[in-house]
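Indexing begins at 1, ligand by ligand and atom by atom, following the structure's order.
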Amino acid sequence: MTVEQLSQMLREKLTSSFGKSLEDATTKEMFQSICLTMKESINANWRMTQETYDENESKQVYYFSMEFLLGRLIESNLLNMGLLDLYKDTLTSLGFDPEEVFREEHDAGLGNGGLGRLAACFLDSLASLQLPGYGMGIRYKYGLFQQKVVNGYQVELPDNWLKDEYMWETKRGDKAIEVRFGGTVETTMENGHLHFHHQDYERVLAVPYDVPIVGYDNNTVNTLRLWSAESTTNSFHFHSSRGHDYYHYLDYKRSIEKISEFLYPDDSYYEGKILRLKQQYFLVSAGLQSILQRFKKRNKPLAQLSEHVVVQINDTHPSLVVPELMRLLIDEEKLGWDEAWAITEKTVAYTNHTTLSEALEKWPEEMIKTLFPRLYLIIHEINERFCKMLWYDYPKLREKISEMAIISYEHVHMSHLAMVGSFSINGVAKLHTNILKDRVMKPFYTVFPERFNNKTNGITHRRWLLNVNPELANVISEAIGTNWIRTPNELTKLLPFAEDASFQQAIAKVKHDNKLKLASFIKRHYDITIDDHSIVDVHIKRLHGYKRQLLNLFHVIHLYNRCIEDPYLELTPRTFIFGAKAAPGYFFAKQVIKLINAVAEKINHHPQVSKKIKVVFLENYSVSLAERIIPAADLSEQISTASKEASGTGNMKLMMNGALTIGTLDGANVEIRELVGDENIFTFGLTSDEVFRYQQAGEYRARDYYNNDRRLRNVMDLLVNQHFSDDDVEFKDIFYSLLYNNDEYFVLRDFDNYTEAQNNVQETYQQQSDWLQKSIINIAYSGNFSSDRTIQEYAEEIWQIKPTKIGNLIIN
Ligand SMILES: *Cc1c(COP(=O)(O)O)cnc(C)c1O
């Protein structure tokens with residue numbers, strides 16, 4: 001297609017859809033017209049893909065996740081369709097700014113952070129590798145809240161992402177499914193068999209909205225199915241004689257629609273809220289029923305289900321798939337327990353994402369019993385059989401049975417349910433998987449050693465390099481050709497260029513251009529001028545104690561103190577960028593946001609210090625904001641308390657864009673270091689083993705570090721002497737959490753090591769050629785963290801699924 005032909009198509013689309021001429025069209029109408037033209041070709045391939053899977057009877061993976069943090073799809077869809085440059089050129093020739101038009105798309109923010117973004121990267125890789133994969137999620141009416149900063153405080157606003165039509169979804173009303181809540185179970189004996197009758201339940205209609213997932217240059221279009229809760233008038237008993245029925249109906253309708261109304265805004269924390277549990281079952285039941293309906297069209301015995309279907313659960317949130325699949329097989333399909341269990345155990349696989357105890361789900365038994373009376377009986381039976389098996393087969397574990405049981409102390413332990421009911425249990429980075437095997441899940445590893453495996457996380461290099469940093473992608477392709485786009489490991493071909501002066505200069509120019517763009521964004525939105533030759537030091541991720549934004553900030557305050565003590569101090573200029581949302585109920589995290597903003601205010605307005613340091617808190621950290629920041633970053637802050645960050649994926653995105661990492665030996669940082677070598681990463685601080693040792697011995701004394709380190713004292717005292725706030729109690733809780741609650745995350749313990757590592761950063765940066773060499777080496781090894789590698793491992797080692805080629809569709 002040529003620019004002229006596409007222009008003509010867009011003109012016609014504007015007229016047929018909006019009755020507008022090109023000259024009168026708004027950017028929004030232009031955006032929507034583009035989506036409509038794209039959808040015509042996507043839809044044809046979409047149908048073809050699904051038909052091919054059914055004809056070939058391909059085994060399919062269903063990725064169940066409570067979160068899919070998609071961000072915008074327009075650019076990644078255009079890239080994958082091979083049309084990005086054509087659309088950009090056409091828009092420009094028609095007098096539109098492509099970036100402005102693309103920004104008409106509202107982020108689909110149906111996730112909190114890393115876990116939800118991982119699910120989105122996986123969908124892109126599945127389709128790009130021609131693998132039959134489905135996403136199953138919830139179509140929340142409101143995504144993760146929008147963050148505003150007012151007087152330095154976080155304020156949460158609803159994310160009304162469906163306000164304008166969502167261009168990529170298609171409602172499939174004909175595929176709606178009934179999900180049942182509450183009621184009672186009556187047990188009867190028929191022909192010597194027990195039967196369970198679920199009655200008096202509440203009926204909720206699950207309506208699927210399908211989003212096409214376009215593969216890279218391959219005709220594959222997979223599906224992300226998002227379920228929406230709706231009520232039906234025929235699920236409500238109208239008594240025509242009573243006038244109040246109409247209002248009762250409206251109440252009832254509201255109570256049902258609430259199920260898919262909003263995403264819980266917590267990350268790495270478990271809250272026992274009943275609505276959240278309803279959401280989990282809603283996803284699980286609707287998803288599994290639709291899978292079984294589709295499977296039955298293949299006319300195969302249910303005993304073969306696991307040869308056609310694999311269900312991967314993203315953390316324990318969907319672990320009710322285990323009892324729900326049992327229920328469907330036993331009550332609906334009339335299989336016996338053993339048969340149903342054999343199928344379930346072969347079909348479900350579980351990914352663990354955290355070892356933080358506050359994030360491990362355990363639901364009150366009563367809640368499960370009331371909401372899902374039939375599932376409760378099944379969970380109870382699974383638990384009985386599991387505990388009996390332990391008693392007879394593992395005498396050495398007898399005293400651990402209460403610790404391993406699925407139901408104990410009036411709670412249902414979801415990770416235990418997930419581990420007992422699945423054939424694969426994987427961690428998301430080598431260190432994390434080892435911690436699961438050696439510590440957190442050790443007794444389960446003794447019983448099911450063959451189930452445990454590692455799949456180190458990844459990110460799609462198509463979005464996180466080709467889309468967000470096309471200039472860098474071009475420089476790479478000029479040096480080594482374009483094979484790396486299909487085979488990201490071939491980025492290692494850059495290694496011979498690491499010391500090449502002209503290649504270094506090309507990389508430096510791209511980074512500088514990206515810094516100028518970010519600087520102009522910051523100037524426009526925050527009226528802060530940043531030095532485009534400064535070190536751009538970024539700490540972008542959810543705000544959490546274990547991610548230690550506070551450690552970073554203490555280093556910033558320490559530099560501020562040094563600048564004031566010594567006005568002639570030679571400091572390489574730095575721009576500290578923070579982006580982070582705090583859970584609305586997480587008081588400490590919100591205080592840290594306020595402190596970052598208070599420190600920023602002070603430093604940015606200080607006549608001398610502001611010449612060397614700037615601190616910017618960018619509000620509303622989201623996929624689209626990450627895409628703006630990452631290409632401009634020099635330094636990637638990955639400084640979690642060792643053992644606490646399962647993998648991290650922000651670390652991978654930044655590395656791929658040439659940032660060097662300053663980090664602890666935690667999560668995937670360990671694997672980054674293994675690849676690039678110790679001299680190309682700045683590591684510091686306690687190791688995970690040292691953290692465990694401290695915790696076991698109980699011998700950490702935070703106060704000693706405060707007493708013995710003058711620099712730390714000078715930093716911390718500023719929190720409580722009104723230096724950053726007129727209100728002298730404003731930051732006292734942070735101060736107390738460190739000194740009186742003994743600094744749970746070892747901020748004070750690691751401060752000295754961190755400061756030293758930061759000094760190394762500065763020294764290295766001053767040797768520009770050294771720095772660029774390290775940057776190139778990081779880019780060269782980042783191909784290992786493409787989610788294509790991750791997905792290939794899942795496909796071969798867990799799912800046993802194979803690529804299915806989708807034929808070329810000839811349209812006109
Ligand atoms: C990648 C990403 C994350 C995860 O970042 P971590 O540094 O791994 O915690 C969170 N939020 C958004 C918007 C992301 O793009």
Among protein heavy atoms, which lies nearest atom 15 (O) of ligand 1, and at what distance?
Lys653 NZ, 2.6 Å

Looking at Lys547 and Glu645, does any basic side-chain N land under 4.0 Å from a carboxylate oxygen?
yes

Side chain, backbone, both or neither: which part of Ser622 comes within less than 4.0 Å of ligand 1 when only heavy atoms are counted?
backbone

Could you check whether the rings of Phe122 and Tyr63 sit parallel, tilted or perpendicular, using 30° and 60° as the cut-offs?
perpendicular

How are the rings of His555 and Tyr754 set to each other: parallel, tilted or perpendicular (split at 30° and 60°)?
perpendicular

Considering residues, nucleotides and ligands other than Phe692, do more than 12 of their heavy atoms fall under 6.0 Å from its CZ?
yes

With heavy atoms of Gly648 as the reference, note each atom of ligand 1 found under 4.0 Å away.
8 (O)

What's the shortest distance from atom 7 (O) of ligand 1 to any protein heavy atom, and which residue and atom give it?
Lys541 NZ, 2.7 Å

Which heavy atom of the protein is the closest neighbour of atom 5 (O) of ligand 1, given with residue, atom name and distance?
Gly650 N, 3.8 Å

Identify, for atom 11 (N) of ligand 1, the protein heavy atom at the shortest distance, and state residue, atom and that distance.
Tyr621 CE2, 3.5 Å

Is the shortest side-chain N to carboxylate O distance from Asp634 to Lys515 below 4.0 Å?
yes

If you measure every N or O of Leu69 against every N or O of ligand 1, does any of those distances drop under 3.5 Å?
no

Which of the atoms in ligand 1, numbered in the order shown and given with their element, are less than 4.0 Å from a heavy-atom of Thr649?
1 (C), 4 (C), 8 (O)

Identify whether the distance between the nearest side-chain nitrogen and carboxylate oxygen of Arg749 and Asp743 falls below 4.0 Å.
no

Interfacing atoms of ligand 1 (cut-off 4.0 Å, heavy-atom, Gly113)
10 (C), 11 (N)

Do any nitrogen or oxygen atoms of Lys547 lie less than 3.5 angstrom from nitrogen or oxygen atoms of ligand 1?
yes

Between the side chains of Glu471 and Lys517, is the shortest nitrogen-to-carboxylate-oxygen separation below 4.0 Å, so that they form an ion pair?
yes

